[in-house]
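For clarity, every value in this text was computed on a predicted model and none was experimentally measured.
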Amino acid sequence: MSSRMPRRSSRKPCAVVKSPYFSDSLPPKRRKPSSPKQTVIPRPATAKSRFFPRPPIDIDSYLKDPRFVCFYEDFVAAMTALYHAKPILIQDHVSADVWKVLVAVTLLNKTAGRLSVPIFFEILNTWPTPTSLAGASHTELFAMIKDLGLGATRAHRLVSISQTFLSQPPTPSTTYKSRGKTTSLSTSPTGELVLIEVDYPPTPISHIPGCGPYALDSYRIFCAGDEWKNVRPTDKELIRYLEWRWAVDKYRQWDPVHGPGAPIDLPYVHRLVESLANNPPIKSS
């Protein structure tokens, strides 16, 4: 048996080199990012659903409640009174014929309706079409309207309106630059709502002689479909008519400066009925 000692290795231990790219320990196990906590907002009971439609209102059950019956009867009575308080305007009566509206507003402008409306019908009886009025005798026409004031000017204008209506009839697809100004709401540098004067928007009748803001407002309210919702007239009778129409057609309060506002309520309907009853149409501006 040999007594020789085991030979030591001549190799020197390797120095431990730390890497700037690999750390000594294993990277911690990555966790999946947790999704943010969501708050489920319950669907309100009044929300519409295509899967669960709301049941129809059972009016009979409401009519068993004396409080509802009292309000319902008062509201129906107030709306009935409002319906019958409708302002009577000649533009509304002849709204199906744009030419007749233009003739009417030419006579109404700055003239009492009780004077101008009978003359309007007298003119239509004598010259019932644009063609006939376009060839009317100025002398005969002046004699018919002279008591309204500005007889010569209005006679010339009625003939010019009819001639232009025949040579360049208005169509909804073509608009022309308007004469005159109107008002619009704007925001001031301080953030306040202010009323500013702007050019009147183009319309299909703006090229016809004598069509200022009053004639254009009348056309847009009575002859241009839903355009009545965008009109902000200054004429008192047109303002009264739009107050009435917004309440009856859209159940909305309306202001000539700010436009449509809150839904109507019973006190508002009562005030509007009283206002229309106490201010019958006298004069158009």
Side-chain angles (χ1 to χ4, degrees), residues 46 48 54 56-57 59 62-63 68-102 104-105 108 113 117 170-173 175 178 182-185 193 195 200-205 211 213-285:
T46 57
K48 294 182 179 179
R54 294 177 60 188
I57 296 176
I59 191 67
Y62 283 100
L63 291 175
F68 177 81
V69 171
C70 181
F71 171 79
Y72 176 78
E73 292 179 348
D74 287 347
F75 190 79
V76 169
M79 290 301 294
T80 302
L82 179 61
Y83 180 81
H84 290 293
K86 176 182 180 179
I88 306 300
L89 300 181
I90 190 63
Q91 300 99 305
D92 190 18
H93 180 70
V94 297
S95 60
D97 191 324
V98 176
W99 171 73
K100 291 181 181 179
V101 171
L102 297 180
V105 297
L108 282 168
V117 170
T171 57
S173 59
T175 59
S178 300
T182 186
T183 56
S184 176
L185 281 177
L193 286 177
L195 197 64
Y200 202 99
T203 79
I205 65 163
C211 284
Y214 176 59
L216 299 177
D217 286 345
S218 296
Y219 168 80
R220 293 170 67 202
I221 292 173
F222 297 102
C223 307
D226 286 341
E227 183 64 17
W228 66 271
K229 301 174 187 176
N230 302 320
V231 183
R232 301 290 185 272
T234 56
D235 177 76
K236 293 180 180 179
E237 299 309 317
L238 295 181
I239 289 174
R240 294 171 70 248
Y241 176 83
L242 285 182
E243 287 177 331
W244 176 89
R245 187 166 181 180
W246 271 102
V248 171
D249 284 7
K250 301 301 178 182
Y251 302 102
R252 298 279 295 278
Q253 301 181 32
W254 183 82
D255 179 83
V257 174
H258 298 91
I264 61 173
D265 53 26
L266 195 55
Y268 177 82
V269 174
H270 284 315
R271 291 195 301 269
L272 185 54
V273 170
E274 183 179 1
S275 173
L276 294 173
N278 292 337
N279 295 279
I282 297 176
K283 184 178 180 179
S284 176
S285 60

For Ser173, side chain to side chain contact (heavy atoms under 4.5 Å, CB included) partners two or more places apart: Thr171
Close side-chain approach of Phe75 to Ile264, heavy-atom, < 4.5 Å: yes
Do any side-chain atoms of residues 216-226 form donor-acceptor pairs under 3.5 angstrom with protein atoms, and if so which ones, sequence neighbours left out?
{"residue": "Asp217", "atom": "OD1", "partner": "Tyr200", "partner atom": "OH", "Å": "2.4"}
{"residue": "Ser218", "atom": "OG", "partner": "Gln91", "partner atom": "NE2", "Å": "3.2"}
{"residue": "Ser218", "atom": "OG", "partner": "Tyr214", "partner atom": "O", "Å": "3.0"}
{"residue": "Arg220", "atom": "NE", "partner": "Glu227", "partner atom": "OE2", "Å": "3.1"}
{"residue": "Arg220", "atom": "NH1", "partner": "Tyr200", "partner atom": "OH", "Å": "2.9"}
{"residue": "Arg220", "atom": "NH2", "partner": "Glu227", "partner atom": "OE2", "Å": "2.7"}

side-chain contact (heavy atoms from CB on, under 4.5 Å) between Val94 and Trp99, intermediate numbers included: CA-CA 9 Å; Val94 297; Trp99 171 73; over 6 Å; no
Side-chain heavy-atom pair Leu89, Glu237 within 4.5 angstrom cut-off: yes
Shortest non-hydrogen separation from Pro260 to Trp254 and the atoms involved: N-CD1, 3.5 Å
Non-hydrogen atoms of Pro170 and Pro204 that approach each other most closely: CB-O, 3.3 Å
Presence of salt bridge, Arg271 and Glu274, under 4.0 angstrom: no
Minimum side-chain heavy-atom gap Leu242-Pro256 below 4.5 Å: no
pair Pro213-Thr182: side-chain heavy atoms closer than 4.5 Å: no
Non-neighbouring partners of Asp265 that pass salt bridge (Lys or Arg N to Asp or Glu O under 4.0 Å), sequence neighbours left out: none
Atom pair OG/OH of Ser275 and Tyr268 - distance to nearest 0.5 Å: 9.0 Å
Donor-acceptor pair, side chain of Ser178 and main chain of Pro201, under 3.5 angstrom: yes
Straight-line distance of His93 NE2 to Ile88 CD1, nearest 0.5 Å: 10.5 Å
Contact check, side chains of Arg240 and Pro87, non-hydrogen atoms, under 4.5 Å: yes
Contact summary for Val101 and Ser95, nearest pair of heavy atoms: CG2-CA, 4.0 Å
What pairs of donor and acceptor atoms, side-chain ones from residues 76-85 against any protein atom, are under 3.5 angstrom apart with sequence neighbours left out?
{"residue": "Thr80", "atom": "OG1", "partner": "Val76", "partner atom": "O", "Å": "2.7"}

Test item: Leu195 and Ser184 side chains (from C-beta on) under 4.5 Å apart, heavy atoms: no
Sequence-distant partners of Lys250, side chain to side chain contact (heavy atoms under 4.5 Å, CB included), two or more places apart: Trp228, Lys229, Trp246, Arg252
Pair Val257-Arg232, side-chain contact (heavy atoms from CB on, under 4.5 Å): steps then yes or no: CA-CA 7 Å; Val257 174; Arg232 301 290 185 272; over 6 Å; no
Residue pairs fulfilling salt bridge (Lys or Arg N to Asp or Glu O under 4.0 Å) with at least one residue in residues 87-102, sequence neighbours excluded: Lys86-Asp92
